[in-house]
Amino acid sequence: MMAQGFDYVIVGGGSAGCVLAARLSEDPAARVCLIEAGGRDTNPLIHVPVGFAKMTTGPLTWGLTTAPQKHANNREIPYAQARVLGGGSSINAEVFTRGHPSDYDRWAADEGAQGWAFKDVQPYFLRSEGNAILSGGWHGTDGPLAVSNGPDPNPTSRAFVQSCQELGMPYNPDFNGASQAGTGMYQTTTRNNRRCSAAVAYLHPVARQRPNLTVIVGGLVLRILFQGTRAIGVSYASAGRTRTIRAASEVIVTSGAIGSPKLMLLSGVGPAAHLQAHGIPVVADLPGVGQNLTDHFGIDIVAELHGHESLDKYNKPHRAAWAGLQYMLFRSGPVASNVVEGGAFWYADGPGSKPVPDLQFHFLCGAGAEAGVASVPKGSSGITLNSYTLRPKSRGSVTLRNADPAAAAVVDPNFLADPDDLRIGVEGVRISRDIFSQPSLRKYIKAIRFPDDTVRTQAGFEAYARQNGRTSYHPTGTCKMGTGAMAVLDPSLRVRGLDGIRICDSSAMPSLIGSNTNAPSIMIGERAADLIRGNR
Ligand SMILES: Cc1cc2nc3c(=O)[nH]c(=O)nc-3n(C[C@H](O)[C@H](O)[C@H](O)COP(=O)(O)OP(=O)(O)OC[C@H]3O[C@@H](n4cnc5c(N)ncnc54)[C@H](O)[C@@H]3O)c2cc1C
């Protein structure tokens, strides 16, 4: 069969890929193809905010687990990554944060990512953001990515924010404003109580109208095709057949921080010895491909409530039916909740101990929402508080299990390899317990079940962290931009030593930023579009 031809082939229709497909196809002369391994985003759970709680496992994910975690009791931890149009932005918790300005200044000043200081990336954050409430220098109001306030916080979420204040944290109405520190309600990537994924924000409004944009779903890209050191297209599997697509201008890899390095390795780009061990001919020996994996290691505490104030009360079928009806008729009620309603950024060693917070907290007004997290006894209701070290020092890797594109990569985040990560993580658990002990939340709580009262000593808290911590879904850095031997990309996101190929997603981050990673991945897509079009 004749190969199809385009100017740009974008591999992976996730947060960054959807942005690039929309932006590059603005030029009617550019022929753009977006190819996504997962299906269309038709599952209704994607579009209702509460659906997050049902999607961290199952058909919209790749079903990954980590390699045994040496510093976490050798556990193989479930590792949710999206496999559907919209990628992470279709299944995530919709929390809208974008790190601290100093994260981007660090990329530029210390990590060789010239042109990515906060002053450089801020215009892209603003261009992407369509905030329904906040405006001014820190916020965009007209961008495609809708951002809004939760409609009606659960009573326990309100009590969480009050408890944080009782513990001494200031109330912060805007984690993306002048100061990150404090507690408040998260803004979410939602519009009119519906999820606003990157597919909803960027792709769907243009996909049907632009004859120069082709979207292929259910197409697993097997490898990038090279002529010498120039990328010329991709081969992909769909419905049992292998096909080829040509890229006259560029192949743009946006397969996420696990998918992008895996695809590069399968295509012969990576550490030569690793490729040779799997019988893959070496196109470019780039030692950094798949290395530098950095993720947030979230540690949850869970409390059982006296009553049923949290969302868990809707686990009963008749209540769930009412909630569903309320949402269908009025688009309100518990289905409009993203579950992770309240939050905080704070300091492991007390206020002022660091220039910026080193811990982030996510309050879930329910228990057992995410795969692999402890819950309360059946029939009772609970709440969960997750915290993580914002800038972990541990580094892991993504490597090939074998040369079969259908096989899962070996994902080893190497959680807690650095003792500082454990120390700060443990402080997060202690502060979480202190928050649950403040008057506003205490009145709802029957008992903190995880960790229970037997966990009291430093050793006990450390053991708890090793046994209960898990991914917070923020893998980054596996094809990092910058300078030095381990940098895979130059600051224009071009793969070093190759032509006609860039990697433009969360894997390009030189280091993990201090918050959730969806908005930053979308920012990378926005900036990449300008770099590719030569607007910068
Ligand atoms: C469960 C969960 C909850 C999260 N919660 C939040 C949150 O509340 N707030 C926040 O800011 N961030 C959150 N995140 C993180 C955020 O969503 C991600 O950082 C972001 O989506 C990453 O964007 P990306 O473009 O790099 O990759 P992705 O969005 O993961 O996109 C990669 C896409 O490429 C596809 N792909 C991979 N390999 C191939 C291949 N070989 N061929 C074809 N297609 C391929 C994948 O199927 C996927 O759709 C969460 C993530 C998850 C998984």
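Whatever order the structure lists them in is the order used to number ligands and atoms, beginning at 1. Since we're looking at a predicted model, the values are computed, not measured.
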Stepwise side chain to side chain contact (heavy atoms under 4.5 Å, CB included) test for Leu286 and Val495 | CA-CA 9 Å; Leu286 284 179; Val495 181; 3.6 Å; yes

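- Closest to atom 51 (C) of ligand 1, if we only count protein heavy atoms, is Tyr473 CB, 3.4 Å.
- Summary of contacts: the protein heavy atom closest to atom 11 (O) of ligand 1 is Asn518 N, 2.8 Å.
- Closest to atom 31 (O) of ligand 1, if we only count protein heavy atoms, is Gly14 CA, 3.2 Å.
- Contact check on Arg470 versus Glu370 returns a salt bridge, with a Lys/Arg side-chain nitrogen under 4.0 Å from an Asp/Glu carboxylate oxygen.
- Ligand 1 is approached by Ala82 to a heavy-atom distance shorter than 4.0 Å.
- For a threshold of 3.5 Å applied to N or O pairs, the pair formed by Thr517 and ligand 1 contains at least one separation below that value.
- Residue Ala16 has at least one N or O atom closer than 3.5 Å to an N or O atom of ligand 1.
- With ligand atoms numbered from 1 in the order given, ligand 1 contributes 32 (C), 33 (C), 34 (O) to contacts under 4.0 Å with heavy atoms of Thr254.
- Under a 4.0 Å heavy-atom criterion, Trp62 is in contact with ligand 1.
- Taking any N or O of Leu263, backbone or side chain, none lies under 3.5 Å from an N or O belonging to ligand 1.
- Taking the six-membered ring wherever Trp is involved, the centroid distance between the rings of His100 and Phe118 does not fall below 6.0 Å.
- Shortest contact from atom 22 (C) of ligand 1 to any protein heavy atom: Ser521 OG, 3.5 Å.
- In summary, Asp421 and Lys393 do not engage in a salt bridge, as defined by a charged side-chain N under 4.0 Å from a carboxylate O.
- Looking at Ser15 next to ligand 1, an N or O pair under 3.5 Å apart turns up.
- Within ligand 1, the atoms closer than 4.0 Å to a non-hydrogen atom of Ser506 are 22 (C), 24 (P), 26 (O), numbered from 1 in the order shown.
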Begin from the C-alpha positions of Tyr186 and Phe96 and carry the test ring pair (Phe, Tyr, Trp, His ring centres under 6.0 Å) through to its verdict.
-> CA-CA 7 Å; Tyr186 284 121; Phe96 178 71; over 10 Å; no

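- Of the polar atoms of Leu220, none of the N or O atoms is found under 3.5 Å from an N or O of ligand 1, judged by distance alone.
- Distances below 4.0 Å separate heavy atoms of Gly88 from the following atoms of ligand 1: 17 (O), 21 (O), 28 (P), 29 (O), 30 (O).
- Neither the backbone nor the side chain of Lys262 has any atom closer than 4.0 Å to an atom of ligand 1 (non-hydrogen atoms only).
- Glu341 and Arg158 are not joined by a salt bridge, as no carboxylate oxygen comes within less than 4.0 angstrom of a charged side-chain nitrogen.
- Geometrically, ligand 1 and Val11 share no nitrogen or oxygen pair separated by less than 3.5 Å.
- Of all atoms in ligand 1, listed by their number and element, those nearer than 4.0 Å to a heavy atom of Gly87 are 29 (O), 49 (O).
- Between Arg127 and Asp530 there is a salt bridge, with a side-chain nitrogen of the basic residue lying less than 4.0 Å from a carboxylate oxygen of the acidic one.
- The protein atom (non-hydrogen) at minimum distance from atom 9 (N) of ligand 1 is Val95 O, 2.9 Å.
- In summary, of the residues considered (Val147, Leu145, Thr141), a side-chain contact (heavy atoms from CB on, under 4.5 Å) with Glu129 occurs for Val147 alone.
- The backbone N or O of His474 sits less than 3.5 Å from a side-chain atom of Asp295, completing a donor-acceptor pair.
- At distances below 3.5 Å, not a single donor-acceptor pair connects side-chain atoms of Ser432 with backbone N or O atoms of Ile301.
- Closest non-hydrogen pair, Gly525 versus Val19, comes out as C-CG1, 3.6 Å.
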Kindly indicate, with the supporting measurements, whether the criterion side chain to side chain contact (heavy atoms under 4.5 Å, CB included) is fulfilled by Ile524 and Asp505.
-> CA-CA 6 Å; Ile524 291 173; Asp505 60 14; 5.7 Å; no

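- In this structure, OG on Ser397 lies 7.0 Å from CG on Leu293, to the nearest 0.5 angstrom.
- By the 4.0 Å heavy-atom criterion, Val84 is counted among the residues contacting ligand 1.
- Polar contact check, Gly86 against ligand 1: no nitrogen or oxygen pair lies under 3.5 Å apart.
- Ala37 CB, 3.8 Å is the protein heavy atom nearest to atom 45 (C) of ligand 1.
- Distance CG/Asn516 to CD/Gln360: 4.5 Å, rounded to 0.5 Å.
- Ion pairing between a basic and an acidic side chain is recognised when a charged N comes within 4.0 Å of a carboxylate O; Asp120 and Arg527 show no such pairing.
- Atom 47 (O) of ligand 1 has its closest protein heavy atom at Glu36 OE2, 2.7 Å.
- At least one N or O atom of Val221, backbone or side chain, sits closer than 3.5 Å to an N or O atom of ligand 1.
- Heavy-atom proximity to Ala80, at under 4.0 Å, picks out these atoms of ligand 1: 53 (C).
- Here the heavy atom of the protein found nearest to atom 27 (O) of ligand 1 is Gly256 CA, 3.4 Å.
- Here the straight-line distance linking atom SG of Cys479 with atom CE of Met486 works out to 11.0 Å at 0.5 Å rounding.
- For atom 6 (C) of ligand 1, the nearest non-hydrogen atom from the set Ile522, Thr471, Asn92 belongs to Asn92.
- Nearest to atom 32 (C) of ligand 1 by heavy-atom distance, out of Gly12, Pro520, Ser255, Ala508, is Ser255.
- Checked for salt-bridge contact, Arg83 and Glu36 miss the test: no charged N lies under 4.0 Å from a carboxylate O.
- Each of the atoms 42 (N), 43 (C) of ligand 1 lies under 4.0 Å from some heavy atom of Gly219.
- In terms of polar-atom proximity, defined here as any N/O pair under 3.5 Å, Ser507 makes no such contact with ligand 1.
- Ligand 1 has no nitrogen or oxygen under 3.5 angstrom from a nitrogen or oxygen of Asp505.
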